[in-house]
Number of protein chains: 2
Amino acid sequence: MRLEDEIKQPTFQSEAHKAYLNVVYTAGWLGQRQMAAFKPYGLTSPQFNVLRILRGQHPLPATVALLIERMLDKTSNASRIVDKLEEKKLVTRTVCPANRRAVDIRITEAGLRLLRQIDEDEHANPARGSLDRLTAAEQRQLNTLLDKIRA
Amino acid sequence: MRLEDEIKQPTFQSEAHKAYLNVVYTAGWLGQRQMAAFKPYGLTSPQFNVLRILRGQHPLPATVALLIERMLDKTSNASRIVDKLEEKKLVTRTVCPANRRAVDIRITEAGLRLLRQIDEDEHANPARGSLDRLTAAEQRQLNTLLDKIRA
DNA sequence: GCAAATTTAGTGTACCTACATTTAATGTTG
DNA sequence: CAACATTAAATGTAGGTACACTAAATTTGC
């Protein structure tokens, strides 16, 4: 759907301004769909993303610093997201023996089971599926353009 | 900068998945820059966006419903954003005489002055300027691709 | 070897989003 | 016109982001 119609704005100052609003609006649009998709599993998007990073490390632990490095949102508060996951018994936290400042965070069996269940549900992530509306060439083009914005 | 490097992930499941992450990551990247740019003026991004909508309506009032319709984030809580702007005397709220359920929201002179000041500062919005790294043709291409994602 | 700097997490506060619920005014309809 | 439904905004609560600050462990440098 055209951005003009979605935010009821018939014209924009410039194509650049429209592109700016379009990136921000589209990310929000995708984010809302992702949030709704994870809700049945009792997870938020940031919680899901942290769990995925931990699965990627498994069976090695991750530290808070490693999570931040790999998260989409660098300023998100990984500590508090891990708090929520720990309350739900999806991760464990233990002081790192080699460096007692750091904390070893590990995904639990329950966490792995939950991710497996989400993976198996084809409808679990309609947000990611939206990208299939683009051809492979268009997806590459989009990646190139976005990388260029952040040059 | 390449997404791979920004989130320290050497490969992705698919080009579609990478494109998905790229849209979300780039929007966050732009959002952080916008937020930092408005900070010196004591505004947050949603507050700025609401002020701009109100200036667009000026001297006519807007209702909360109209703000939501035009905001980038449809589920944001316009009422509470208007609360903050009202505290700062940048907008006024009066019960709409024609429909006493609705509230007429208007930008004040102080609000108009603040927006003028931000407009005049060329460095006020580095986020929007990032889009100038794309050529006009690329900006159009990006808009087309993003609109297609939300088809 | 010890004082100072740095690193690693965690905390406090303000603001925001997501979503359900509430309150009041207005429409609708038998 | 009274009962019910709908509309417009506000509120309550849980979780998240932005950013400054704190506390503890470790590293660095004299």
Side-chain angles (χ1 to χ4, degrees), chain A residues 24-25 27-51 61-69 71-88 90-91 93-105 127, chain B residues 24-25 27-51 61-69 71-88 90-91 93-105 127:
Chain A
V24 173
Y25 180 80
W29 189 93
L30 290 169
Q32 271 179 266
R33 271 153 192 76
Q34 192 182 40
M35 193 65 103
F38 291 140
K39 190 147 203 188
Y41 303 99
L43 288 181
T44 64
S45 299
Q47 287 170 16
F48 173 77
N49 291 322
V50 166
L51 269 191
T63 60
V64 169
L66 182 139
L67 291 178
I68 291 171
E69 188 179 71
M71 281 172 75
L72 289 180
D73 191 326
K74 302 300 185 196
T75 72
S76 83
N77 203 321
S79 271
R80 280 188 274 234
I81 293 169
V82 172
D83 283 349
K84 304 292 174 188
L85 291 172
E86 197 181 17
E87 279 170 24
K88 292 180 224 174
L90 299 175
V91 309
R93 238 197 295 224
T94 56
V95 172
C96 172
N99 179 350
R100 290 162 39 68
R101 282 172 300 188
V103 171
D104 282 344
I105 304 160
Chain B
V24 174
Y25 180 79
W29 189 92
L30 291 169
Q32 271 179 266
R33 273 153 192 76
Q34 190 181 43
M35 193 66 102
F38 292 141
K39 191 149 203 185
Y41 303 99
L43 288 181
T44 63
S45 298
Q47 287 170 16
F48 172 77
N49 290 323
V50 165
L51 269 191
T63 60
V64 169
L66 182 140
L67 292 178
I68 292 172
E69 188 178 72
M71 283 172 76
L72 288 180
D73 191 327
K74 302 301 185 194
T75 72
S76 83
N77 203 321
S79 271
R80 280 188 275 235
I81 292 169
V82 172
D83 283 348
K84 304 293 172 189
L85 292 172
E86 196 181 17
E87 280 169 24
K88 293 179 224 173
L90 300 174
V91 309
R93 237 197 295 225
T94 55
V95 171
C96 171
N99 179 351
R100 290 162 37 68
R101 282 171 302 187
V103 171
D104 282 342
I105 304 160

Which nucleotide sits closest to the side chain of R100(B): dA9(C), dA25(C), dC16(C)? dA25(C)
I want to verify a distance call: between dC19(D), dC15(C), dG16(D), whose nearest atom is closest to the T44(B) side chain?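 Closest of the options to the side chain of T44(B): dC15(C).
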Among residues at least two apart in sequence or on other chains, which ones pass side-chain contact (heavy atoms from CB on, under 4.5 Å) with [X]?
{"X": "K39(B)", "answer": "none"}
{"X": "E69(A)", "answer": "K8(B)"}
{"X": "A27(A)", "answer": "V23(B), A27(B)"}

Between P97(B) and V64(A), which has a closest nucleotide on DNA chain C that is more 5'?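 Whichever sits nearer the 5' end wins; that is V64(A).
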Would you kindly compare G28(A) and A62(A) by the position of their nearest DNA chain C nucleotide and give the one closer to the 5′ end?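 It is A62(A), whose closest nucleotide lies nearer the 5' terminus.
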Rounding to an integer number of Å, can you tell me how far [X] [atom1] sits from [N] [atom2]?
{"X": "K39(A)", "N": "dA14(D)", "atom1": "NZ", "atom2": "P", "result": "13 Å"}
{"X": "L85(B)", "N": "dA14(C)", "atom1": "CG", "atom2": "P", "result": "18 Å"}
{"X": "I81(A)", "N": "dA9(C)", "atom1": "CD1", "atom2": "C1'", "result": "14 Å"}
{"X": "I68(B)", "N": "dC19(C)", "atom1": "CD1", "atom2": "P", "result": "14 Å"}
{"X": "M35(A)", "N": "dT17(D)", "atom1": "CE", "atom2": "P", "result": "8 Å"}
{"X": "R33(A)", "N": "dT17(C)", "atom1": "CZ", "atom2": "C1'", "result": "16 Å"}
{"X": "N49(B)", "N": "dT17(C)", "atom1": "CG", "atom2": "C1'", "result": "14 Å"}
{"X": "E87(A)", "N": "dG15(D)", "atom1": "CD", "atom2": "C1'", "result": "11 Å"}

Could you list, one pair per line, each protein nitrogen or oxygen that sits under 3.5 Å from a nitrogen or oxygen of nucleotides 2-7 of chain D, together with the distance?
| residue | atom | partner | partner atom | Å |
| --- | --- | --- | --- | --- |
| dT7(D) | O2 | R101(B) | NH1 | 3.2 |

Pick the nucleotide of DNA chain D nearest each of S45(A) and D104(B); which residue has the one closer to the 5' end? D104(B)
Nearest-nucleotide comparison on DNA chain D, the residue closer to the 5′ end among P46(A) and A36(B): P46(A)
My understanding is that only residues two or more places apart in sequence, or in another chain, count here; which of them pass side chain to side chain donor-acceptor pair (under 3.5 Å) with [X]?
{"X": "D104(A)", "value": "none"}
{"X": "R80(B)", "value": "none"}
{"X": "N77(B)", "value": "none"}

Are the side chain of R100(A) and the backbone N or O of C96(A) linked by a donor-acceptor pair below 3.5 Å?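 No, the answer is negative, given that no donor and acceptor are paired below the 3.5 Å cut-off.
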Polar atoms only, N or O, under 3.5 Å: list the protein pairs with nucleotides 11-13 of chain D and their distances.
| residue | atom | partner | partner atom | Å |
| --- | --- | --- | --- | --- |
| dT11(D) | O4 | N77(B) | ND2 | 3.4 |
| dG12(D) | N7 | R80(B) | NH1 | 3.1 |
| dG12(D) | O6 | R80(B) | NH2 | 2.5 |
| dT13(D) | O4 | R80(B) | NH2 | 3.4 |

Looking at T63(A), I'd like to know whether one of its side-chain N or O atoms comes within less than 4.0 Å of OP1 or OP2 on dA9(C). yes
dC19(C), OP1 or OP2 - any side-chain N/O from Q32(A) closer than 4.0 Å?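 No.
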Between atom CD1 of I105(B) and atom OG1 of T63(B), what is the distance when rounded to the nearest 0.5 Å? 6.5 Å
Can you measure from CG (L51(B)) to CZ (F38(B)) and round to the nearest 0.5 angstrom?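 Interatomic distance, L51(B) CG to F38(B) CZ, rounded to 0.5 Å: 10.0 Å.
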Indicate every side-chain donor-acceptor pair of residues 43-50 of chain A with a distance under 3.5 Å to a residue at least two apart or in another chain.
| residue | atom | partner | partner atom | Å |
| --- | --- | --- | --- | --- |
| T44(A) | OG1 | Q47(A) | N | 3.3 |
| S45(A) | OG | Q34(A) | OE1 | 3.3 |
| Q47(A) | OE1 | T44(A) | N | 3.4 |
| Q47(A) | OE1 | K88(A) | NZ | 2.5 |
| N49(A) | ND2 | S45(A) | O | 3.1 |

